[in-house]
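Report on the following structure.
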Amino acid sequence: MIEFKNISKVYKNNHIALSNISLSINKGEFVFLVGPSGAGKSTFIKLLLKEIEPTSGDITVNGVNIKKLKRKEVPYYRRNIGIVFQDFRLLQEMTVFENVAFAMQVVEAGHKDIKRKVPQMLSLVGLSSKANMYPHQLSGGEQQRVVLARALSNNPGILICDEPTGNLDPETAWGIMDLLNDINKSGTTILMATHAKDIVDRMKKRVVAIEKGVIVRDQQRGVYGYED
Amino acid sequence: MKIRTFNYFFKESFKSIKRNRVMSFASVTTVAAALFIFGVFMIIISNVNSLVDTVENKVEIKAFLKDDISSLKVRDIEKEIKAISGVKNVTYESKDEALKKVSEQLGENKDLTEGLEEDNPFPASFIIKVNKPSDVSYVSKELSKIQDFEKINDAQEIVNQIIKITNFIKLFSLILMIILSVIGISLISNTIKLTVYARKREISIMKYIGATDWFVKWPFLLEGIMLGLLGALIAIGFLSAGYSYGMKMVSPNILFFSFVPLKTIFQSILWQFLLVGMFIGGFGSLISIRKFLVL
Ligand SMILES: Nc1ncnc2c1ncn2[C@@H]1O[C@H](COP(=O)(O)OP(=O)(O)O)[C@@H](O)[C@H]1O
Ligand SMILES: [Mg+2]
């Protein structure tokens, strides 16, 4: 489903963020992307989102080489990818309901679809009772649940999470992980960049470890493997 | 485009206009001023044009005879004039009639002409009316071929003078409008720039979610267009009110000329102004979209 072939990324300041990475992820997999800060995890994710272009190599998603996507096609490509960030990125002046509805509006979903789908999503993440609250009235964990609801509202085949638990206390983080596990079980491919050792070790999923831009380990039912 | 999407664009644009009240106000005012000034000159020009028409329609040619022409010769000349194509009718005015006319025009001071009967200085003349204003120059030329005229007067010169002045007014107002439009465009572009910065976060989120470029751009374009349109509407409002007030004040004092009616003016400027307003607004926002909206 996702295939990185000999991908290198050299930033403008000649910093080599990724060097000759090849990796393939199948549909329905749950993959942890681990490694110390600065290893190249976010670069990997940005390449997958076509936010930046690789210096060399090809990325194929669902059989499409994304290097060949025209500018006009990129938005439609991105609609198949849900994204969750460490810093939530919710719109503060919108309620929980509106934040999720906004994501559907942006892809020009119908009025009826939005009215039907948003409550479903909020119920999935357990926030039905907080639909009319604003982000600043919610805890970090609750905000991240809203982000998840937003990311999933357009039924993406792939969910990408860049350190989704980075700003959460361990207990709240586990709540999010349970949710991600459920989402994965319902068929969504998940790629999660993290350096949360506990979580990786206990989830027993596939672990891809990056160090200084190189994949040093790719292990099914793996562990974090670093001493932070 | 879905109606709901369009509603969203409108809501976003209104929100931004409210958020950037001060800049929005400055932009709208400038656009309104540009169009108002242009409108004032357009009104002047259209009235001058109508004045030119009035003058041209009243055009008659006056051909003054040399002093020593016999009355027999006069009849021959009259026949000759009537033969020129474009001539509607010809009236002869003798030296005596000319003197009488002048003394009538002098009114209270008519005694100035007393005693002139002996040695009448006013020449006899033919007053020639033509079919259409455009016949004037041809008829004038033909008349000048007749040797017996001292001088031929037609209104061509006045008309030419008026046309010259109108052209100057046109050029002047065009330049002024262009300058003000450029200021308007730059103010609108600055307003949109503020909106771009205010919505930076929202836009980056939209892009991640999969918004198309145009979905992101539309609200900005719409905001600029609305500012431009608002300026145009204000200009039209002030012009209409000002013109009808001005006509009321001035009309009773001028008898020979009637103003171009407000409705005629309104019909010709309404669409032009709305289009120009939209153009200024749209162009201003496109500049900022290109320069500051990183997608
Ligand atoms: N836009 C950029 N320009 C230059 N260097 C960058 C840029 N983005 C990231 N880097 C560098 O590339 C390396 C990998 O960064 P990143 O992918 O963000 O790592 P991670 O997410 O694993 O912490 C880091 O050393 C970082 O400083
Ligand atoms: Mg990172």
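A note on names: the letters A, B, ... follow the listed sequences, proteins ahead of strands, and every chain is numbered from 1.
Here the NZ atom belonging to B:Lys207 is positioned 6.0 Å from the CZ atom belonging to A:Arg78, to the nearest 0.5 angstrom. Note that the CD atom of A:Gln105 and the CE atom of B:Met206 stand 9.0 Å from one another [nearest 0.5 Å].
Minimum interatomic distance between B:Ile209 and A:Val107 (heavy atoms only, all atoms of both residues): O-CG1, 3.9 Å. Between A:Pro75 and B:Thr212, the shortest heavy-atom contact is CG-CA, 3.7 Å. Across A:Ile83 and B:Tyr208, no two heavy atoms sit closer than the pair CG2-CB, 3.9 Å.
Proximity to chain B (any heavy atom under 4.5 Å) is shown, for A:Tyr77, by neither the backbone nor the side chain.
Heavy atoms from other residues, nucleotides or ligands lying under 6.0 Å from NZ of B:Lys11 number 12 at most. Heavy-atom neighbours of B:Arg290 CZ from other residues, nucleotides or ligands within 6.0 Å: at or below the threshold of 12. Enclosure of atom NZ in A:Lys5 is not indicated, since only 12 or fewer non-hydrogen atoms of other residues, nucleotides or ligands lie within 6.0 angstrom. Within 6.0 Å of atom CZ in B:Phe25, 12 or fewer heavy atoms from other residues, nucleotides or ligands are found, so the atom counts as exposed in its surroundings. The number of heavy atoms from other shown groups lying within 6.0 Å of CZ (B:Phe172) does not exceed 12.
Scored by the ring pair (Phe, Tyr, Trp, His ring centres under 6.0 Å) test, A:Phe44 finds A:Phe4 as partners (sequence neighbours excluded). Residues satisfying the ring pair (Phe, Tyr, Trp, His ring centres under 6.0 Å) criterion with B:Phe238, sequence neighbours excluded, are absent altogether.
Among residues 84-95 of chain A, the residues having any heavy atom closer than 4.5 Å to a heavy atom of chain B are, in sequence order, A:Phe85, A:Arg89, A:Leu90, A:Leu91, A:Gln92, A:Glu93. Against chain B, no residue from residues 122-147 of chain A qualifies, as none has a non-hydrogen atom under 4.5 angstrom away.
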